[in-house]
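Have a look at the structure below, then the notes.
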Amino acid sequence: MVPKIAMIGGGSWATAIVKMLADNLSEKEIFWWMRNETAIEHIKKFKHNPHYLSSVELKLNQDNISSDISSIIKSADFVILNVPAAFLKETLSAITPEDLRGKKIVSAIKGIVPEDNLIIGEFLNEKYNIPYHDILVVSGPCHAEEVAFEKLSYLTIACTDVDKASAFASILNTRYIKTNVSDDIFGTEYAAVLKNIYAVASGICHGIGYGDNFQAVLISNAIREIERFVDLVHPIDRDIKESAYLGDLLVTAYSQFSRNRTFGNMVGKGYTVKSAQLEMNMVAEGYYAAKCMHIKNQEYNVDMPICKAVYSIIYEKRSPQIEMKLLAEKLN
């Protein structure tokens, strides 16, 4: 049976995954939903996304690209969700639990649903009755821009049913994409949310003038914060040094392509949060994640001074210089 895969989202990461799927040699049918009708017509005519990774040639049936989300989802066995977490509820507003029944739902979202304060897997389970064994999570370390250049990259596919993770991984493998599988959907999702906050922190520190030596200490403390949190929230046997956790944190904190680091760097240099968001014209998931995790951690009370510092700067308008100086006294 030829797998049918629907991509929901039109940004850079969605475009990169569509490229991976198309370049994978196994037989499959790809469907693509995006909201922007002008972009759809451009892709159908020129085979390039005009707004994101515009150098990438998109090899798929033009009849399978549509702004009708219901018809796209109806066509699919695997539904890949790839919109900013803050817009997920709006994107799925016309979709019912019955529309998703029996389908494998893949989260390629590195964020948390703000109003509900749920990671994507929890949101799908609670709001759409998707059993956890039908929920898959795509983790990095992997930036869309390097996929566009076909630079060797690695993905981790997580599902409580490892056979389903392996099946999905097999349709993403290409000569430039290698995949691993995991059963840790909660740990990989929370790690993906948290690493965006730490990338914001990394950017803030760079913006106010801290050097590479401090960055190394910051990120070594950040991975320990991730470990403390995920081990409390979902205590299973995991190695936090694996690429889905530590690797994803490193690339997001250090890469020139990291929008969360870029956002933090602008805040560190004196931009207001609003002006930084407007100038970037892209969503930095760490902005939303900082508030969500601040609220969520009131329940768990894990020691997370870096997360607390980012929240204080972004939402309480504290001085980046003062907050990072205070934070520096707590790191080791």
Side-chain angles (χ1 to χ4, degrees), residues 8-17 52 80-92 106-124 137-145 147 155-156 158 185-204 219 222 225-226 229-230 244-245 247-268 271 273-274 276-297 304 306-307 309-311 313-315:
I8 306 300
S12 56
W13 189 221
T15 304
I17 294 180
Y52 301 96
I80 306 173
L81 301 176
N82 207 333
V83 297
F87 306 137
L88 181 60
K89 289 179 74 171
E90 178 190 350
T91 299
L92 297 180
V106 183
S107 171
I109 300 170
K110 309 292 183 69
I112 194 166
V113 181
E115 301 89 344
D116 300 88
N117 227 31
L118 298 170
I119 55 175
I120 309 305
E122 291 172 336
F123 174 80
L124 293 170
V137 176
V138 178
S139 299
C142 191
H143 277 304
E145 292 81 0
V147 173
L155 294 174
T156 295
I185 62 171
F186 297 100
T188 53
E189 271 221 76
Y190 272 117
V193 171
L194 287 165
K195 56 98 176 178
N196 288 330
I197 302 173
Y198 301 127
V200 173
S202 177
I204 291 172
I219 300 309
E225 284 194 17
I226 291 176
F229 187 84
V230 298
Y245 314 100
D248 208 8
L249 170 64
L250 291 173
V251 77
T252 309
Y254 292 147
S255 175
Q256 62 178 317
F257 299 122
S258 171
R259 65 188 67 176
N260 289 286
R261 179 185 167 92
T262 299
F263 170 72
N265 186 51
M266 294 172 75
V267 171
Y271 284 74
V273 168
K274 183 61 68 177
Q277 289 173 318
L278 289 171
E279 183 154 327
M280 283 180 63
N281 196 32
M282 297 177 81
V283 174
E285 291 278 17
Y287 165 75
Y288 298 101
K291 183 175 182 180
C292 291
M293 290 304 303
H294 177 78
I295 295 168
K296 189 169 283 289
N297 197 37
M304 303 178 81
I306 305 174
C307 282
V310 172
Y311 174 81
I313 292 166
I314 293 176
Y315 287 96

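All residue numbers refer to positions in the sequence shown, counting from 1. Fair warning: this is a prediction, and the values are worked out from it, not measured in the lab.
What you find for S12 and R259 is that their closest heavy atoms are OG-NH2, 3.1 Å. Summarising the geometry of V193 relative to A289, their closest heavy-atom pair is CG1-CB, 3.7 Å, with the distance given to 0.1 Å. Listed here is the closest heavy atom pair of S202 and R261: OG-NH1, 2.8 Å. Considering every non-hydrogen atom in both I112 and I119, the closest pair reads CG1-N, 3.8 Å. Nearest heavy-atom pair, L81 versus L88, reported as atom, atom and distance to 0.1 Å: CD1-CD1, 4.2 Å. When all heavy atoms of I120 and A85 are compared, the closest pair comes out as CD1-CB, 4.3 Å.
Distance check: L124 CG to I185 CD1 gives 9.5 Å after rounding to the nearest 0.5 Å. Considering CG of D116 and CZ of F123, their distance stands at 6.0 Å, rounded to 0.5 Å. In this structure, the separation between CD1 on I197 and CD on E225 is 9.0 Å, given to the nearest 0.5 Å. To the nearest 0.5 angstrom, F229 atom CZ is 6.0 Å from M304 atom CE. Note that the CD1 atom of I80 and the CH2 atom of W13 stand 10.0 Å from one another [nearest 0.5 Å]. Considering OG of S258 and NZ of K195, their distance stands at 7.0 Å, rounded to 0.5 Å.
Checked against the 6.0 Å centroid criterion, the rings of Y245 and Y190 do not qualify as a close aromatic pair.
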*Show your reasoning for whether side chain to side chain contact (heavy atoms under 4.5 Å, CB included) applies to K291 and I314.*
CA-CA 9 Å; K291 183 175 182 180; I314 293 176; over 6 Å; no

*Check step by step if side chain to side chain contact (heavy atoms under 4.5 Å, CB included) holds for I219 and L250.*
CA-CA 7 Å; I219 300 309; L250 291 173; 3.8 Å; yes

*Take H143 and Q256, measure what side chain to side chain contact (heavy atoms under 4.5 Å, CB included) needs, and give me the verdict at the end.*
CA-CA 10 Å; H143 277 304; Q256 62 178 317; over 6 Å; no

_side chain to side chain contact (heavy atoms under 4.5 Å, CB included) between N196 and Y288, worked out_ = CA-CA 10 Å; N196 288 330; Y288 298 101; over 6 Å; no

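With hydrogens and angles ignored, the 3.5 Å screen pairs no side-chain donor or acceptor of D248 with any backbone N or O of A191. Within the 3.5 Å criterion, the main-chain N or O of G286 finds a donor-acceptor partner in the side chain of N260. Panel note: side chain N82, backbone G11; no donor-acceptor pair is recorded below 3.5 Å. Between the K89 side chain and the V113 main chain, no donor and acceptor come within less than 3.5 Å of each other. Side-chain N or O atoms of E189 include one that pairs as donor or acceptor with a backbone N or O of G121 at under 3.5 Å.
Using cut-offs of 30° and 60° on the angle between ring planes, the pair F263 and Y287 is perpendicular.
When each of L194, V200, I226 is checked for a side chain to side chain contact (heavy atoms under 4.5 Å, CB included) with C307, only L194 meets the rule.
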